[in-house]
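The next block holds one structure in the form of structure tokens; read it before the comments.
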Amino acid sequence: MPPKALITGITGQDGSYLTEWLLGRGYEVHGVVRRTSSLERSRLSHLYADGSVYNQTLHLHYADLDDPTTLRRVLLRVAPDELYHLAGQSHVGLSFDIPESTCEMTAMGTLRLLEMVRDLPKPLRLFHAGSSEMFGRPAVAPQNEETPFQPCSPYGAAKVFATQMVRIYREAHGLYAVNGILYNHESPRRGENFVTRKICRAAAAIRDGRQKELSLGDTSARRDWGDARDYVRGMWLSLQQDTPRDYLFASGVLHSVQDVVEVAFASVGLDWRQHVRQDPRFMRPAEPTNLVGDASRARAILGWKPEIGFEQLITEMTSAERAQSGAAA
Ligand code: F7E
């Protein structure tokens, strides 16, 4: 019998890469999709269109985190060995505008899932996607798994609640439950409203004459950016250990939004100064500082290390945008 995995958030960037990773390892993969998700145009469309995969080794189920009965039913029917909980409202800026629904889904949604897992007749291994946003404005840099959380966004606070609950269920109820503390991770499949994709997309469109300028918020903001394909590998590795514990996944290197602009525009032979402007609409009420991670534990125990560097990633994302629009890469 092949191992079975269930993924919440399967239509997202990480969900789609994780699906490919697990299928490649002989898993039967099940995904939870919302009724509103358009599968034909999603990041799964290539798998959805493949008759040897869809409904053979990949199965999708309609359910929702805010509709516990549907989710409980899927969990009971699928009876997965591994559950990857990736779903949630993941835009930090937006969480200032819609804090209640962000917390409902990210914080309470995770607690509901933990309650369901606790009642399952057959135990499973749970991975929960935490975030560097939980550190907010930390007193130390780089951060590790022991650094205290000090979130400065509704999104960060919701993730802290969910992460602490995972720890509590692991300790109090003996669940095999793991938090991954994930720093920013990007790819050509990144959502269009995240800054790396927005910049790479604009650089490609300006190069090909489809756009004139790019408006950004705080370009001095710095992040520890990695590649999503490296991070889904970490998710899987963290569930293959005898003892469940939390792991931090990060590149350990800080770059500014301005660095992203410079690499993306240079990769298509453009001078960014002629096209980029600041727009207060994209500024946030609060910005975290010094979010840079120390992934020593993941390196030592999981043998994990990031394989794709910052410049390679941004260059690939920009050329993928050009290829997608039919222009020369
Ligand atoms: O912003 C600045 C913005 O939206 C990065 C999510 O995956 O990683 C992600 O959250 C930085 C911030 O990602 C624009 O103010 C400037 O300082 O790409 P982002 P994020 O907020 O760091 C963490 C780890 C998660 O867990 C989240 O789910 O870029 N910035 N100008 C801008 N950001 C956006 N989106 N748009 C701008 O125009």
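Every number for a ligand or one of its atoms is a count from 1 in the order of the listing. The structure displayed is predicted, hence computed values, not measured ones.
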Val92 and ligand 1 - part of the residue with a heavy-atom distance under 4.0 Å: side chain
Partners passing ring-ring contact (aromatic ring centres under 6.0 Å, His included) against Tyr231 (at least two apart in sequence or in another chain): His185, Trp304
Distance filter under 4.0 Å to Ala221 heavy atoms, resulting ligand 1 atoms: 17 (O)
Shortest reach to atom 7 (O) of ligand 1 by a heavy atom, considering only His185, Arg223, Arg190: Arg190
Subset of ligand 1 atoms that lie under 4.0 Å from at least one heavy atom of Ser131: 23 (C), 24 (C), 25 (C), 26 (O)
Cation-pi check, Arg189 onto Tyr17 ring (under 6.0 Å, within 45° of axis): yes
Within-cut-off N or O pair, Trp225 and ligand 1, under 3.5 Å: no
Option whose closest heavy atom lies nearest to atom 2 (C) of ligand 1, chosen from Leu291, Val257, Val261: Val257
Shortest protein contact, atom 35 (N) of ligand 1 (heavy atom only): Asn193 O, 2.9 Å
Heavy-atom nearest neighbour in the protein, as seen from atom 4 (O) of ligand 1, with distance rounded to 0.1 Å: Arg284 NH2, 2.8 Å
4.0 Å heavy-atom contact, Gly93 with ligand 1: no
Validation row, ring centre Tyr183 to ring centre Phe249 under 6.0 Å: no
Distance-only polar pair, side chains of Gln312 and Glu316, donor-acceptor under 3.5 Å: no
Protein heavy-atom partner closest to atom 24 (C) of ligand 1 - residue, atom, separation in Å: Ser132 OG, 3.2 Å
Heavy-atom nearest neighbour in the protein, as seen from atom 31 (N) of ligand 1, with distance rounded to 0.1 Å: Gly217 N, 2.8 Å
Residue Glu311 excluded, over 12 heavy atoms near CD under 6.0 Å: no
Atom indices of ligand 1 within 4.0 angstrom of Glu287 heavy atoms, with elements: 3 (C), 12 (C), 15 (O), 17 (O)
Residue, atom name and distance, where the atom is the protein heavy atom closest to atom 38 (O) of ligand 1: Lys198 NZ, 2.7 Å
Greater than 12 external heavy atoms within 6.0 Å of Glu100's CD: no
Co-membership, hydrophobic cluster, residues Tyr176 and Leu114, 4.5 Å side-chain: no
Ligand-residue contact atoms, ligand 1 with Asp218, heavy atoms, under 4.0 Å: 16 (C), 31 (N)
ring-ring contact (aromatic ring centres under 6.0 Å, His included): pairs with one or both residues in residues 189-213, sequence neighbours excluded: His91-Phe194
Hydrophobic cluster identity match, Tyr169 and Leu71, side-chain contacts under 4.5 Å: yes
Atom 28 (O) of ligand 1: nearest protein contact (heavy atom, Å): Ser90 O, 2.6 Å
Flag for Glu28-Thr57: side-chain donor and acceptor within less than 3.5 Å: no
Nearest-contact summary for atom 20 (P) of ligand 1 - protein heavy atom, Å: Asn184 ND2, 3.6 Å
His91 heavy atom under 4.0 Å from ligand 1: yes
Asp81 bridged to Arg125 by N-O distance under 4.0 Å: no
Residue Leu182 vicinity, atoms of ligand 1 by number, heavy atom under 4.0 Å: 24 (C)
Electrostatic pair Lys198-Glu186, nearest N-O below 4.0 angstrom: no
Top protein contact for atom 5 (C) of ligand 1, by heavy-atom distance: Val195 CG1, 3.7 Å
